[in-house]
Amino acid sequence: MESKSCMKSDSPLRLSIEKQREMLAQKELSSVELTEEYIRRIESVDGELGAFITTTFGKARKDAALADERIVKGESTPLLGVTIGIKDLIGTKGIPTTAGSKIIENYKPPYNATVIEKLEAAGAVIVGKLNLDEFGMGSSCENSAYKKTCNPWAPDRTPGGSSGGSAAAVAAAECAGALGTDTGGSIRQPASFCNVVGVKPTYGRVSRFGVVAYASSLDQVGTFARDVGGAAAVLQVIAGRDPHDTTSAPYPVPDFGAVKGTPVKGMKVGVPEEFFMDGLNPEIAGAVKKAVEDLEKIHGVEVVEISLPHAEYAVAAYYLVATAEASSNLARYDGAHFGYRTPSPATLSDMYTKSRSEAFGEEVKRRIMLGTFVLSAGYYDAYYLKALRVRRLIQKDFFDAFEKVDAVIAPTSPLPPFRLGELMDDPLQMYLADIYTVTASLAGLPAMSMPCGFTSSPELPIGMQIIAPPWQEETMFKLAFAYEEGNRYIGRFPGEDA
Ligand code: GLN
């Protein structure tokens with residue numbers, strides 16, 4: 001795959017979203033040409049990469065032609081003519097939306113998710129639906145009922161999950177940007193595994209109307225791109241209050257890209273001691289520490305050691321809250337209201353049982369059972385309620401830290417991309433690898449992952465997380481834009497030197 005992924009040095013697929021927009025606006029490039037390049041790219045690499053569940057080339061071609069017409073008329077919308085891929089958990093009108101599950105294999109939503117409506121209004125060209133762990137449950141994309149996605153940097157390794165298809169597609173230049181969802185790290189961890197930028201905004205920043213629910217107090221839609229500006233530009237389009245989603249906040253959306261180039265001198269960055277203890281791969285620790293040092297030495301950021309004392313309970317609390325909510329959200333797939341129905345049930349109860357048993361994957365069943373258990377009478381207080389209390393303490397840890405610092409920097413994953421199959425028989429190890437991402441999710445904070453280095457042998461991407469106070473994505477982006485300057489890992493293509 002690596003040889004095939006070699007791209008011409010003047011390929012427009014190498015350009016950032018910002019640069020593509022400029023060239024499109026100046027008519028140095030047409031959206032039809034650009035889209036055809038992406039389609040050729042998908043056709044040549046995706047057979048092996050496996051990022052797409054469904055491609056929508058026919059619609060993409062039409063939308064690209066329409067974008068060109070609008071450009072000729074002098075129209076300018078933020079993503080006019082730009083190619084975007086969509087995690088297959090996000091509903092697309094008339095286009096299969098599988099959630100990575102057999103249970104809704106044939107579901108074609110009668111309406112678009114709000115984020116899709118917004119992308120289309122901004123002129124984006126959608127090329128297809130991207131692979132994921134079933135219902136977003138997983139960290140390796142291997143829980144998809146449809147296919148395995150490879151890591152473009154090492155085909156025998158996972159691209160991460162659950163938005164592994166989105167991260168891999170952007171890393172392999174199959175689309176300029178992508179949407180993902182992040183419940184406990186599903187945007188940030190695959191971004192770090194694939195050497196791209198992945199942003200999970202504040203809980204409530206983006207509408208979830210039309211997005212298949214996993215754990216509703218945690219789920220948030222976010223973005224992927226090859227650089228910070230691209231991820232910010234796509235987020236700009238999808239963010240904001242939506243009357244169809246009462247959990248979307250009525251706050252004004254600032255211009256995220258406008259903070260590019262703002263000096264960060266004097267900003268205080270917290271480094272949590274708990275995130276650099278046992279279990280962290282030493283090369284990842286080294287790369288993140290080096291990034292913090294660079295921010296200090298080159299950009300004049302002040303580094304402060306902080307403590308998040310309850311972080312050690314975050315994985316446990318997350319897997320209680322998330323599975324509890326999942327067991328309730330997934331009750332609707334019962335063979336009657338939604339989804340697959342077993343062909344010849346004996347009784348009504350047999351119909352429910354068989355439909356669910358036959359069409360949910362192993363991991364989903366495991367989580368439904370866990371979640372049902374922790375919500376059941378007699379265990380509710382001991383597990384679910386306790387997890388909610390721990391969640392509040394974790395949030396308080398962050399709020400205490402934000403009294404002293406503007407943002408927190410941490411590793412994204414304790415492990416570099418692991419081998420496909422490596423953790424599949426050990427769900428607990430897979431859960432534990434979410435240690436650094438679930439904290440920000442439980443606290444509802446904006447957090448992003450960006451490239452900050454590579455392991456030595458084999459050479460695999462390393463990502464670092466920037467976490468900011470609620471509604472302060474601008475703070476996060478300010479630091480990210482600063483760190484991006486002169487960063488030789490950002491935008492690097494698989495199989496090519498830095
Ligand atoms: N890996 C985590 C889980 O399996 C996070 C998934 C996500 O954010 N959707 O729940």
Side-chain angles (χ1 to χ4, degrees), residues 86-90 99-101 130-144 149 158-167 178-193 198-203 206 208 211-224 314-330 360-371 374 387 391 412-415 417-418 422-424 426-449 463 465 467:
I86 309 293
K87 183 180 188 178
D88 209 18
L89 201 62
I90 299 173
S101 182
L130 296 159
N131 199 23
L132 69 158
D133 289 294
E134 189 174 359
F135 288 102
M137 298 178 189
S139 309
S140 67
C141 238
E142 292 165 289
N143 296 332
S144 166
T149 302
T158 164
S162 61
S163 316
S166 303
L179 295 191
T181 63
D182 191 311
T183 304
S186 276
I187 289 177
R188 292 161 284 160
Q189 182 257 25
S192 84
F193 277 18
V199 178
K200 176 197 99 75
T202 311
Y203 181 82
V206 176
R208 300 174 303 173
V211 181
V212 177
Y214 162 13
S216 304
S217 77
L218 297 154
D219 297 341
Q220 194 55 201
V221 179
T223 61
F224 290 90
V315 170
Y318 169 80
Y319 276 93
L320 293 171
V321 173
T323 56
E325 292 182 17
S327 73
S328 155
N329 271 327
L330 271 56
F360 279 138
E362 286 304 300
E363 183 60 28
V364 172
K365 287 182 202 163
R366 182 180 296 125
R367 293 190 188 203
I368 291 173
M369 286 190 279
L370 261 172
V374 304
R391 178 179 193 172
T412 305
S413 163
L415 311 169
F418 43 91
E422 194 176 330
L423 298 182
M424 279 307 271
D426 197 347
L428 189 59
Q429 285 308 316
M430 187 91 89
Y431 298 171
L432 287 170
D434 292 338
I435 172 109
Y436 303 132
T437 48
V438 292
T439 45
S441 304
L442 287 166
L445 306 173
M448 67 188 282
S449 179
Q465 243 187 131
I467 307 169

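As the structure is a computational prediction, the values presented were derived from the model and not from experiment. First listed ligand is number 1; within each ligand, the first listed atom is number 1.
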Inset, instruction - Check whether any side-chain heavy atom of Leu179 sits under 4.5 Å from a side-chain heavy atom of Lys87, and report yes or no. - result: no
Inset, instruction - Between Met430, Arg367, Glu363, flag the one that comes closest to atom 4 (O) of ligand 1 by a heavy atom. - result: Arg367
Inset, instruction - With heavy atoms of Tyr319 as the reference, note each atom of ligand 1 found under 4.0 Å away. - result: 1 (N), 2 (C), 3 (C), 4 (O), 10 (O)
Inset, instruction - Could you list which atoms of ligand 1 come closer than 4.0 Å to a heavy atom of Asp182? - result: 8 (O)
Inset, instruction - Would you please classify the geometry between the Tyr319 ring and the Tyr431 ring as parallel, tilted or perpendicular, with 30° and 60° separating the classes? - result: parallel
Legend entry - 4.5 Å side-chain heavy-atom contact, Met137 and Leu330: yes
Legend entry - Identity and distance of the protein heavy atom lying nearest atom 9 (N) of ligand 1: Ser186 OG, 2.6 Å
Inset, instruction - May I ask you to identify the nearest protein heavy atom to atom 2 (C) of ligand 1, giving residue, atom name and distance to one decimal place in Å? - result: Asp434 OD2, 3.1 Å
Legend entry - Contacts of Asp219 that satisfy salt bridge (charged side-chain N to carboxylate O under 4.0 Å, His left out) - sequence neighbours left out: none
Inset, instruction - Would you mind listing which atoms of ligand 1 come within a distance below 4.0 Å of any non-hydrogen atom of Gly184? - result: 5 (C), 7 (C), 8 (O)
Inset, instruction - May I ask you to decide if Asn143's main-chain N or O and Glu363's side chain share a donor-acceptor pair within less than 3.5 Å? - result: no
Legend entry - atom 5 (C) of ligand 1: the protein heavy-atom neighbour that sits closest, reported with distance to 0.1 Å: Tyr318 OH, 3.4 Å
Legend entry - Side chain proximity check, Val199 to Ile187, heavy atoms < 4.5 angstrom: no
Legend entry - Donor on one side chain, acceptor on other, Thr412 and Ser449, under 3.5 Å: yes
Legend entry - Atom indices of ligand 1 within 4.0 angstrom of Gly136 heavy atoms, with elements: 6 (C), 7 (C), 9 (N)
Legend entry - Min heavy-atom dist Ala322 to ligand 1 below 4.0 Å: no
Legend entry - Pair Ser217, Glu325: side-chain N/O donor-acceptor within cut-off below 3.5 Å: yes
Inset, instruction - Please indicate whether any nitrogen or oxygen in Gly161 is less than 3.5 Å from any nitrogen or oxygen in ligand 1. - result: no
Legend entry - Ser162: numbered ligand 1 atoms lying under 4.0 Å from its heavy atoms: 9 (N)
Inset, instruction - Using non-hydrogen atoms of the residue, decide whether Tyr431 is closer than 4.0 angstrom to ligand 1. - result: no
Inset, instruction - Taking the side chain as every heavy atom from C-beta outward, state whether Leu132 and Ser163 have any pair of such atoms under 4.5 Å apart. - result: no
Inset, instruction - Indicate yes or no: does an N/O atom of Met137 lie under 3.5 Å from an N/O atom of ligand 1? - result: no
Legend entry - Heteroatom distance test (Tyr214, ligand 1): nitrogen or oxygen, under 3.5 angstrom: yes
